[in-house]
Amino acid sequence: MPELPEVEVVRAGLEPAVSGARVLHVDVVDDRALTRHDGPAEDFAERLTGRTIAAAVRRGKFMWFPLQPAREGDRPEALVAHLGMSGQILLGRGREAAKHRRILLEVQPAGTDRDGAPEPPVELEFVDQRTFGSMAIDEMVPTVDGAPAGSAGHVDDTDPDAAWRRSIPKQVSHIARDPLDPAFDDDRFIAMARKRSSGIKRVLLDQGVVSGIGNIYADESLWAAKLHHDRPADRLGRSELRGLLDEVRLVLGRALEDGGTSFDAQYVNVNGQSGYFSQRLSVYGQQGKPCPRCGTTIVREAFMNRSSHRCPVCQPAPRPRRR
DNA sequence: ACCACCACCTGAGTGC
DNA sequence: TGCACTCAGGTGGTGG
């Protein structure tokens, strides 16, 4: 479930189960699910087993789960997860192994039932057909701007116990904030974009400039902002970029409300359920259908070994750059 | 520093 | 049926 809304659906679904939970058992079924981990599977399992998870945090398409220190004075660490193109994290108890199960974690939730008895352990199953996703244990470093590192749900940012709040896994530190992050800096985004000569869609997809946007939401946002994907970013006005940012936020927000975009069973929440935003797509995958705004037939074009979808009238091609 | 391209994978669909 | 080919929601490293 790879773009921001889908990853946020997963993060929010995991949060109540993992916050304060203790990792009882780690089973790495396929080592390829650890490409982001610096070390062998045994190292991953050893460092994770017995640890307590503090929370579930997300920036862009990356999620991480800060771990309480194993011993006082230890460097702060987190379990990092990226879903890649086809990853899922499913929650359950004793479920049958999915075909592409890569890692299974068994955790002891922090909560108790209404009689005060501990809840039964729960399984987190990391499933990933194409193995572009992976997990890792990574050290945490302070955020450069000193603000909370990402979206963490119901967390008190002033709580001194939440020291992890202003830290980020080292391998995620180069990722820019996403447009739904309160600490996202609009002016910084606009300044960065206006230094890029490549097309605006490449800039939207550059996770070091703005994170969380992938091929679906780039196309949807550009259609909403009436911009062609090849418009050179350094030739766009500040107000055009501001307007684009507004549309990005609207699109991501609506997709989140709908539980994300699911084209097939590949993209589901932690309970295996689909999202419904695919019913509201204006251009992505809508080639041959009428533009919802002007009725012109939507076209699909090759773009970076993938596709771009647009309305030829609402989003006319830019004139080639003169020199 | 930027920029375009390629590799990393599995499976579904299409045309011959 | 089988085979070759294309395509799919992402990221990172590589050269220029």
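All figures in this text were calculated on a predicted structure; none of them were measured in a lab. Protein chains get the first letters and strands the later ones, always in sequence-line order, with residue 1 at the start of each.
- The distance between atom CD of Gln287(A) and atom C1' of dT6(C), rounded to the nearest whole Å, is 14 Å.
- Distances were taken from every side-chain heavy atom of Arg196(A) (C-beta onward) to each of dC2(B), dT11(C), dG9(C); the shortest belongs to dC2(B).
- Side-chain polar atoms of His37(A) and Asp43(A) form a donor-acceptor pair below 3.5 angstrom.
- Atom pair Met85(A):CE and dA8(C):P shows a separation of 8 Å (rounding to whole Å applied).
- For Ser198(A), the listed nucleotide lying nearest its side chain is dC3(B); candidates were dC3(B), dG9(C), dT11(C).
- Taking every side-chain heavy atom of Asp264(A) into account, dG9(C) is the closest of dA8(C), dG9(C), dC3(B).
- Look at dT10(B): its Watson-Crick or wobble partner, with both distances under 3.5 angstrom, is dA8(C).
- Here the side chain of Arg36(A) is nearest to one of dT11(C), dG9(C), dC7(C), namely dT11(C).
- Side chain of Arg95(A) to main chain of Leu91(A): a donor-acceptor pair is present (N/O by atom type, distance under 3.5 Å, no hydrogens or angles).
- The CG atom of Asp30(A) sits 12 Å away from the C1' atom of dT10(B) (whole-angstrom rounding).
- Phosphate contact (OP1/OP2 of dT11(C), side-chain N/O of Lys61(A), threshold under 4.0 Å): present.
- The shortest distance between the side-chain N/O atoms of His100(A) and the OP1/OP2 oxygens of dC9(B) is not below 4.0 Å.
- Put simply, Lys99(A) has no side-chain N or O that comes within less than 4.0 Å of OP1 or OP2 on dT10(B).
- The distance between atom CG of Asn305(A) and atom P of dG13(C), rounded to the nearest whole Å, is 19 Å.
- Centroid-to-centroid, the aromatic rings of Phe263(A) and Phe277(A) stay 6.0 Å apart or farther.
- Regarding contacts with the backbone of dT10(B), every side-chain N or O of Ser86(A) stays at 4.0 angstrom or more from both OP1 and OP2.
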**Message:** Determine whether Arg166(A) and Thr143(A) satisfy the following criterion, side-chain hydrogen bond (donor to acceptor under 3.5 Å, both in side chains), listing intermediate values before the conclusion.
**Reply:** CA-CA 6 Å; Arg166(A) 288 168 167 75; Thr143(A) 57; over 6 Å; no

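- The residue Thr35(A) sits apart from the nucleic acid: no heavy atom pair falls under 4.0 Å.
- By the neighbour-count criterion of 12 heavy atoms within 6.0 Å, atom OH of Tyr276(A) is sparsely surrounded, having that number or fewer from other residues, nucleotides or ligands.
- Each of Met304(A) and Met192(A) was assigned the nucleotide of DNA chain B with the nearest heavy atom; the assignment lying further toward the 5' end belongs to Met192(A).
- One can place NZ of Lys195(A) at 16 Å from C1' of dC3(B), the figure rounded to the nearest angstrom.
- dT6(C) sits 14 Å from dC6(B) when the P atoms are compared, rounded to a whole Å.
- When the P atom is used for both dG11(B) and dT11(C), the distance is 22 Å, rounded to whole Å.
- Take the nearest nucleotide of DNA chain C for His309(A) and for His174(A): the residue whose nucleotide is more 5' is His309(A).
- Remark: P of dA1(B) and CG of Asp234(A) are 18 Å apart, rounded to the nearest angstrom.
- In this structure, Arg177(A) fails the cation-pi test against Phe189(A), since its NZ or CZ atom is not both closer than 6.0 Å to the six-membered ring centre and inside 45 degrees of the ring normal.
- Below 30°, between 30° and 60°, or above 60°: for Phe62(A) and His174(A) the angle between ring planes is above 60°, a perpendicular geometry.
- For dA1(B), there is no paired base (Watson-Crick or G-U wobble, both distances below 3.5 Å).
- Arg102(A) comes within 4.0 angstrom of nothing in the nucleic acid, heavy atoms only.
- In this structure, Phe132(A) forms an aromatic stack with the base of dC8(B), since both conditions hold: centre separation below 5.5 Å and plane angle below 30°.
- Which of dG9(C), dA8(C), dT11(C) sits closest to the side chain of Arg130(A) comes down to dA8(C).
- Taking atom CG on Leu204(A) and atom P on dG9(C), their separation rounds to 15 Å, with Å as the unit.
- When heavy atoms are screened at a 4.0 angstrom cut-off, Tyr217(A) is found touching no nucleic acid atom at all.
- Remark: P of dG9(C) and CD of Gln286(A) are 14 Å apart, rounded to the nearest angstrom.
- Taking 4.0 angstrom as the limit, Arg32(A) places a side-chain polar atom (N or O) nearer than this to OP1 or OP2 of dT10(B).
- Ser307(A) has a side-chain polar atom (N or O) that falls below the 4.0 Å cut-off from OP1 or OP2 of dA8(C).
- Between Gln129(A) and dC9(B) there is no side-chain polar atom (N or O) within less than 4.0 angstrom of OP1 or OP2.
- Among the protein residues, Asp128(A) comes within range of no part of the nucleic acid, since none of its heavy atoms lies under 4.0 Å from any strand.
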